[in-house]
Amino acid sequence: METGAGSGRGDARDGTRPGDGARSEDGAGSDGGARSEDGASSEDSARSDGGARSEDSARSDGGARPYDVVLFGATGFVGGLTAEYLAEHAPAECRWALAGRNRAGLAALRERLAARWPHCAELPLIVADADDQGSLRALAESARVVATTVGPYVWYGEGLVAACAEAGTDYVDLTGEAEFVDLMYVRHDARARETGARIVHACGFDSVPHDLGAYFTVRQLPEGVPLRVDGFVRVGATFSGGTFASALTALGRGRQVLEAARERRLYAPRLVGRRARAPLGGPRFSRETGTWALPLPTLDPQVVARSAAALDRYGPDFRYRHYASVKTLPMALGGTAAVGAGVMAAQLPPVRRWLMERYRPGQGPSAERRARSWFSVRFVGEGGGRRVFTEVSGGDPGYDETARMLAESALCLAFDPLPKTAGQVTTAVAMGDALIDRLRAAGIRFRVAHRG
């Protein structure tokens, strides 16, 4: 992948990037640069009505762009679920397109969609490849919002971020890779601020329920006082090859993760007169939830802390802690041992390659298995003499709900009146209440369980 313009440092890869079969979008390699189906120019695919959109969500040249939303990586497992969600739920005025590196795979997906939703029969197809910067640039220039499922993002994601930052195009993804998010901030945040692009990472289960759940909890507490929020995560689900590849990549890149975090700290402005932090904490028994709480060193608490740093509503001194919630001590000890084994395995390149081949991207659980899956994130917030218990919950977290979150995030940026923001921003900062309203309407629950 070619490093985008404005890069502040060299290639992020360490020479261990896998072959193309390991990326989470299915299909063979690209047959050329970004272009619409049958070689038609993107203007030929644009509708004349343009769709209703808020002034804040439109770029100055947004009306001239043929697409409101482009889904990149549409032929992957989560990409296909996201395409299905858009086919069923995107508003009639939404001009959207499927993009990926394999035209035949895109055409097959369009045919599958059209069998259920006939209006998708003429859905535009765009061929673009994560290794072809020219095709990514053309893709970004054709859309107001680009949603991408192509990962692991640290290997395949930067080119599209660079193209969107340069073109002033809003961007959403599903990454849970802290290294990637930090590198994109260092390399492309400044240019995105100049062009007005909103770069919103982690728009799936990483990290929407946690970021918006903490935001929702803070809104129930007094203003202008120190606040403390703890999040407790429980899931019942399985994972796809793409998710497994991203997790294994992150576990195997500890040194690079730390380097990227240090570099981000050099660029990030310091808070003056306020504090926002997300300390790791330690394992403990939580009386609030009646479960054992194990600290989760994921991207999620970092995202929550960044939202708190950007929004005064979180108060002058905000602290967030993030935990996995398990019912019994043996389960807690077993989970800790499993994570340790995964970290050790990820350090050994032969083992890592074997695992990636065994659980190849593009594969995922059946619809029946996903229907039995669920997630719950409970929050305990305190401040100003008040205490509140809240919960964000829904169905299958890794796939069905993640596809819903990604699609609704893209639609929110495209069509909703939102605060004026630019650069790398979180879901709470960029979309906040508007995205919560969308997700509630889509079936994801945000509720206050108890006030004290």
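Contacts of Arg447 classified as salt bridge (Lys or Arg N to Asp or Glu O under 4.0 Å), with partners at least two apart in sequence or in another chain: Glu391. The side chain to side chain donor-acceptor pair (under 3.5 Å) check on Thr402 picks up nothing, with sequence neighbours excluded. With sequence neighbours left out, Arg274 forms a salt bridge (Lys or Arg N to Asp or Glu O under 4.0 Å) with Asp312. Residues forming a salt bridge (Lys or Arg N to Asp or Glu O under 4.0 Å) with Arg372 (at least two apart in sequence, or on another chain): none. For Glu88, there are no salt bridge (Lys or Arg N to Asp or Glu O under 4.0 Å) partners at least two apart in sequence or on another chain. Here Tyr185 pairs with nothing under the ring-ring contact (aromatic ring centres under 6.0 Å, His included) rule; sequence neighbours left out. When the ring-ring contact (aromatic ring centres under 6.0 Å, His included) test is applied to Phe379, no partner is found at least two apart in sequence or on another chain. With sequence neighbours excluded, no residue forms a ring-ring contact (aromatic ring centres under 6.0 Å, His included) with Tyr215. Under the rule for a side chain to side chain donor-acceptor pair (under 3.5 Å), the partners of Arg112 that lie at least two apart in sequence or sit in another chain are Glu84. In terms of the ring-ring contact (aromatic ring centres under 6.0 Å, His included) criterion, residue partners of Phe180 (sequence neighbours excluded) are, by chain and number, Tyr153, His201.
Among residues at least two apart or in separate chains, there is no salt bridge (Lys or Arg N to Asp or Glu O under 4.0 Å) pair with a member in residues 116-125. Sorted by first then second residue, the salt bridge (Lys or Arg N to Asp or Glu O under 4.0 Å) pairs that include residues 199-219, not counting sequence neighbours, are Arg219-Asp433.
Between the side chain of Ser376 and the backbone N or O of Arg234 there is no donor-acceptor pair closer than 3.5 Å. Glu177 places a side-chain N or O within 3.5 Å of a backbone atom of Val154 that can act as its donor or acceptor partner.
Rounding to the nearest 0.5 angstrom, the gap separating the CZ atom in Arg319 from the OH atom in Tyr314 is 14.5 Å. The structure places CG of Asp68 at 12.0 Å from CG of Leu413, a figure rounded to the nearest 0.5 Å.
Here the closest non-hydrogen pair linking Val257 and Glu179 is CG2-CB, 3.8 Å. Nearest heavy-atom pair, Leu221 versus Arg313, reported as atom, atom and distance to 0.1 Å: O-NH2, 2.6 Å.
By the 30° and 60° cut-offs, the orientation of the rings of Tyr320 relative to Phe318 is parallel.
Two residues are said to be in side-chain contact when any heavy atoms from C-beta on lie closer than 4.5 Å; Asp416 and Arg438 meet this criterion. No side-chain heavy atom of Asn102 sits less than 4.5 Å from a side-chain heavy atom of Thr75.
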